[in-house]
Protein chains: 2
Amino acid sequence: MTATAPRDETVYEAPSARQQAVLDAVLALLVEEGDQLTMDAVARRASCSKETLYKWFGDRDGLLTATVRWQASRVHAGRDAVGTLDAATLRERLLDFAASWLDVIAGRTSVVLNRIAIAHAGSRKGNLGAIVLANGRLAIGGRVKPVLEAGRTAGLLAFEDSETAFRTFFGLVGRDIQIRLLLGDALDLDAAEIRRDAARAVDQFLALYGQARP
Amino acid sequence: MTATAPRDETVYEAPSARQQAVLDAVLALLVEEGDQLTMDAVARRASCSKETLYKWFGDRDGLLTATVRWQASRVHAGRDAVGTLDAATLRERLLDFAASWLDVIAGRTSVVLNRIAIAHAGSRKGNLGAIVLANGRLAIGGRVKPVLEAGRTAGLLAFEDSETAFRTFFGLVGRDIQIRLLLGDALDLDAAEIRRDAARAVDQFLALYGQARP
DNA sequence: GAGGCCGCGTACCGTACGGTACGGTACTGG
DNA sequence: CCAGTACCGTACCGTACGGTACGCGGCCTC
């Protein structure tokens, strides 16, 4: 029963429409302006008063946290029914994960949010870092592993520990891309490139863990 | 001729002993205090005046840059004579790279410096990001690729593009480790764990790219 | 021992920015 | 029509921190 739902440790009430607009303003500002985000700028951009900002989100950190959570809530799309798998579907599913994951991490928003979270993790209370981790790396792990296990059940994959297998998958897909982007490398991946990368990663993963059905 | 030397784009004069002491103080402070590094704190810690700091390094950015460069200059150890390779030596060399690379990125210093550089890349002039990239990802790439190519020449490896092969290697070694550490995940790797990880990565890499000598 | 540097310590300045206070406007319920 | 609430806009406060100025002691050179 602990299956697909993306472990929301505490239930935070969803932001109202107006609040969502504010959070979108934060995201936009973050993407445009790099990360020296000031409360003044947010208030101006969102056409609201700073006082409201503080009333709604407590403080700057609260605003950032809400923003990260808000963005995360959008990404959690995806139907994950794991039925029985044949080789083609397994491959398809992995491809799907790989491509959409690359798509996310290559996006400006993801890069900026990760930067914020990393900076935050560097200066006490790694709250943001934990949130990003939970909604990024861990969330996708939680969704991929069942597929891997289903693949094993179907005799298509061989591994002992799905976590380890997943981490290899993760490495094959992401390689140096995320760190390069975070460090400011240009490196723009278009859709075609992403598809190619994803395919290569999946091929390699299957080469390592796949087995012809005995 | 463009071979092993780690592309130092501009020659910066090495810091004097006293300056090195200051930079070490910065590193220590960074490691201890997270990243809210103030010039005051540096001056206090290094027992020098702020004025001297500014005289030597120009401004805060200059100090950070010098620190990153200073740390980088320490890592560049390593004899890289690429002779003829047999399978065992190739494996050995790759293992070596993998383990020492993991060792570096798992270190507090690396994590903190990467955090700084990433934050910096987020707010205009990605200077630090570029430097870290050049001395991290790119430097190790520059050192591994010749080995891979020697392996190919010796008929031990098969690949078309050494860059691509290296990136796979990179992914297999690093997996999710760096991003997790940057985001504040605990995840402490002891030496044994690192050796195991490195061995697994090399095995996987050889499974993908190795070939029995024909 | 006199001048000149270098660099330490400390006091100081300016400003950017997080956070608060307050007046003014619109809407709601009674 | 009035009280209450919500929220915008703006002015304001406090402080942390980057950067500068200055005085003083140690060290060289002559």
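Here the structure is a predicted model, which is why all the values come from computation and not from measurement. In what follows, chains carry the letters A, B, and so on, assigned in the order in which the sequence lines appear, proteins first and then strands, with residues in each chain numbered from 1.
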Distance-only criterion, 3.5 Å: show the donor-acceptor pairs between side-chain atoms of residues 20-29 of chain B and protein atoms not counting sequence neighbours.
unit_1  : atom_1 : unit_2  : atom_2 : d
B:Gln20 : NE2    : B:Pro15 : O      : 3.1
B:Asp24 : OD1    : B:Trp70 : NE1    : 2.9
B:Asp24 : OD1    : B:Arg74 : NH1    : 3.4
B:Asp24 : OD1    : B:Arg74 : NH2    : 2.7

By side-chain hydrogen bond (donor to acceptor under 3.5 Å, both in side chains) - contacts of B:Glu32 (at least two apart):
B:Arg45

Mind checking which nucleotides bracket the chain B contacts on DNA chain D, 5' to 3', with an atom under 4.0 Å from a heavy atom?
D:dC17 to D:dC22

Residue list, ring-ring contact (aromatic ring centres under 6.0 Å, His included) with B:Trp101, at least two apart or on another chain
B:Phe170

Does any N or O in the side chain of B:Asp96 come within less than 3.5 Å of the main-chain N or O of B:Glu92, such that one atom is a donor and the other an acceptor?
no

Test of understanding: with side-chain contact (heavy atoms from CB on, under 4.5 Å), list the residues that count as partners of B:Ser49, not counting sequence neighbours.
B:Glu51, B:Thr52

Selection: residues 38-50 of chain A, any non-hydrogen atom under 4.0 Å of DNA chain D:
A:Ser47, A:Cys48, A:Ser49

Within residues 19-35 of chain A, residues whose heavy atoms come under 4.0 Å of DNA chain D:
none

Name all pairs fulfilling the side-chain hydrogen bond (donor to acceptor under 3.5 Å, both in side chains) condition that reach into residues 173-188 of chain A, sequence neighbours left out, sorted by first residue then second.
A:Arg175-A:Asp197, A:Asp176-A:Arg180, A:Asp176-B:Arg137, A:Asp176-B:Arg167, A:Arg180-A:Asp185

Suppose we screen for ring-ring contact (aromatic ring centres under 6.0 Å, His included). Which residues come up paired with B:Tyr209, at least two apart in sequence or across chains?
B:Phe205

In residues 37-44 of chain A, what donor-acceptor pairs under 3.5 Å come from side-chain atoms, sequence neighbours left out?
unit_1  : atom_1 : unit_2  : atom_2 : d
A:Thr38 : OG1    : A:Ala41 : N      : 3.0

If you assign each of B:Gln36 and A:Lys55 to its closest nucleotide in DNA chain D, which residue comes earlier from the 5' end?
A:Lys55

Across the strands shown, which category fits A:Leu37 at heavy-atom distances under 4.0 angstrom: base, sugar-phosphate, nothing?
sugar-phosphate

Partner residues of B:Ala98 under the side-chain contact (heavy atoms from CB on, under 4.5 Å) criterion, sequence neighbours left out:
B:Phe169, B:Val173, B:Ala198, B:Val202

Which pairs with one or both residues in residues 53-65 of chain A pass salt bridge (charged side-chain N to carboxylate O under 4.0 Å, His left out), sequence neighbours excluded?
A:Asp61-A:Lys125

